[in-house]
Amino acid sequence: MTSSESAASRPELAPDTIVVETGRPNRADGASVNPAIDLSSTFISTGDIESSPFAYARFDTPAWSHFEEALAKLEHAELPGLVFGSGLAAISAVISAVPAGGTLIIPTHSYQGALASAAQIAERQGFELVTVDIADTAAVTAALDAAAEKGSAASAPGSGADRPAAGGSESGTASGLLWIESPTNPMLEVADVPALIAAAKQRGILVAVDNTFATPLLQTPLDLGADIVVHSVTKYLAGHSDVVLGAALTSSGELRQRMHTERSMRGSVAGPFEVWLALRGLRTLAVRLDRAQANAQTIAERLAAHPAVIETRYPGLPDDPGHDRAAAQMNGFGAIIAFTVDTADRATSIAEAVKLWTPATSLGGVESLIERRRRHPEEPQTVPEGLIRLSVGIENVDDLWTDLEAALG
Ligand SMILES: *Cc1c(COP(=O)(O)O)cnc(C)c1O
């Protein structure tokens, strides 16, 4: 038994309290304040193995339970989350649900690992991959229309042309999946998340949202009708660049079962210590994000005014193309900034010249990271050569700016 049961009698708590209080052992005299790291690979079970809460640690283990429960509470999922060995493992488990002949609609500027994995699974499984500008609601709606039409044409005759045959979260047999990332990586485009989810639902198309950039503190897509939320826990949730971990959340028993089976069958499981570290990191998510966002706002404003910078993308800038949407649908603007300088060489030299910022890929840790994205050969060609992505951390903002300004030269 964990804290959710005792919390049930308390008034609803704010998310910045939930990150601290949730996922703890039951309150009892002498009990640990934090869960133990349960390393057992097998558990005592007799008779029907299905009826044992724990039997073998590839299926489920108490090492995951507290964190899975905490994530569900934060993302407003009615069922416990599912941790995976990495964010990409969670993403692959979701994408694998798209059947042959179906359609996956995915943002052109998704996390490149998600794009690469989607392309591979699409080819293997025989479904269509459609990339869209996720900020262009009309374009996404047109892609949804095409996917729904194809789904109904492919369905059994007599299923009724007036009913979306792609199925919904209830049937769990959708032939279409809309993948949403907002803000996108690394272009910081902001999708109209409520409108896109509503449009997909209308057409019986499943929706999954990669909520890594926003975290559940800034947006909770399940509240808007999304079927699945995924996270690279590696980033903000764990928050210290010392864990690789993923998670998926849903309120649908059927979808959860399918992802659970995928996790068990592929063995894409998380280590007990990694999960423990992630829960430890989660405790400070609210204060880390507060500070990182405040720093990001200041740095984005200073970058936007700097003569060497051609463009700064940060939803917190009042004239950013995504500002109004982000202000309407998020509780904050996050702490990732993209800015562009004139050439790839200039961008590379900036990433080499910084002394406080760490030149490294990844994001969401306490330390500030800087990276020219096109150094990754697989990054979409539409990302400018001179684009630098910043993951703003929690250091002193003037120290960060002094270092970056010197590197901008
Ligand atoms: C890093 C990242 C992933 C992949 O997660 P891993 O934990 O590295 O496997 C997926 N989506 C987004 C938005 C990311 O930033």
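When a ligand or atom number is given, it counts from 1 through the structure's own listing order. Note that the structure is predicted; figures quoted are calculated from it, not measured.
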Give me the nearest non-hydrogen protein atom to [atom] as residue plus atom name, then the distance to 0.1 Å.
atom                    : answer
atom 9 (O) of ligand 1  : L88 N, 2.8 Å
atom 11 (N) of ligand 1 : D210 OD2, 2.7 Å
atom 7 (O) of ligand 1  : T234 OG1, 2.6 Å
atom 1 (C) of ligand 1  : K235 NZ, 1.4 Å
atom 5 (O) of ligand 1  : S232 OG, 2.9 Å
atom 4 (C) of ligand 1  : Y111 CE2, 3.3 Å

- Take the angle between the ring planes of F54 and F43 and call it parallel below 30°, perpendicular above 60°, tilted in between.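 Ring orientation, 0 to 90° scale: tilted.
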
- Message: Below 30° counts as parallel, above 60° as perpendicular, anything between as tilted: where do the rings of F59 and Y56 land?
- Response: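 Rings of F59 and Y56: perpendicular, as their planes differ by over 60°.
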
- Message: Heavy atoms only, cut-off 4.0 Å: how does V230 contact ligand 1, side chain, backbone, both, or neither?
- Response: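 Neither part.
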
- Message: Ignoring hydrogens, what is the shortest heavy-atom contact between T42 and A55? Give both atom names and the distance.
- Response: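 Nearest pair, atom of T42 first, then A55: OG1-O, 3.2 Å.
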
- Item | Non-hydrogen atoms of R302 and V397 that approach each other most closely |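 So the minimum-distance heavy-atom pair works out to NH1-O, 4.5 Å.
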
Pull out every atom of ligand 1 sitting under 4.0 Å from any heavy atom of [X], numbered as shown with elements.
X    : result
L245 : 7 (O)
L363 : 15 (O)
G87  : 5 (O), 6 (P), 7 (O), 9 (O)

- Query: Do any N/O atoms on I91 end up under 3.5 angstrom from N/O atoms on ligand 1?
  - Reply: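 Looking only at distances, the answer is no, because the N/O contact criterion of under 3.5 Å is not met.
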
- With a cut-off of 6.0 Å (strictly less than), are more than 12 heavy atoms of other residues, nucleotides or ligands near CD of E378?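 Enclosed.
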
- Could you tell me whether the side chains of T212 and S232 share a donor-acceptor contact shorter than 3.5 Å?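 On atom types as modelled, these side chains do not qualify, holding no pair under 3.5 Å.
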
- Looking only at side chains, do S368 and E395 share a donor and an acceptor under 3.5 Å apart?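 S368 vs E395: donor-acceptor pair found between side chains.
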
- For the atom pair CZ (F67) and OG1 (T22), what is the distance rounded to the nearest 0.5 Å?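 Result: 10.5 Å between the selected atoms.
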
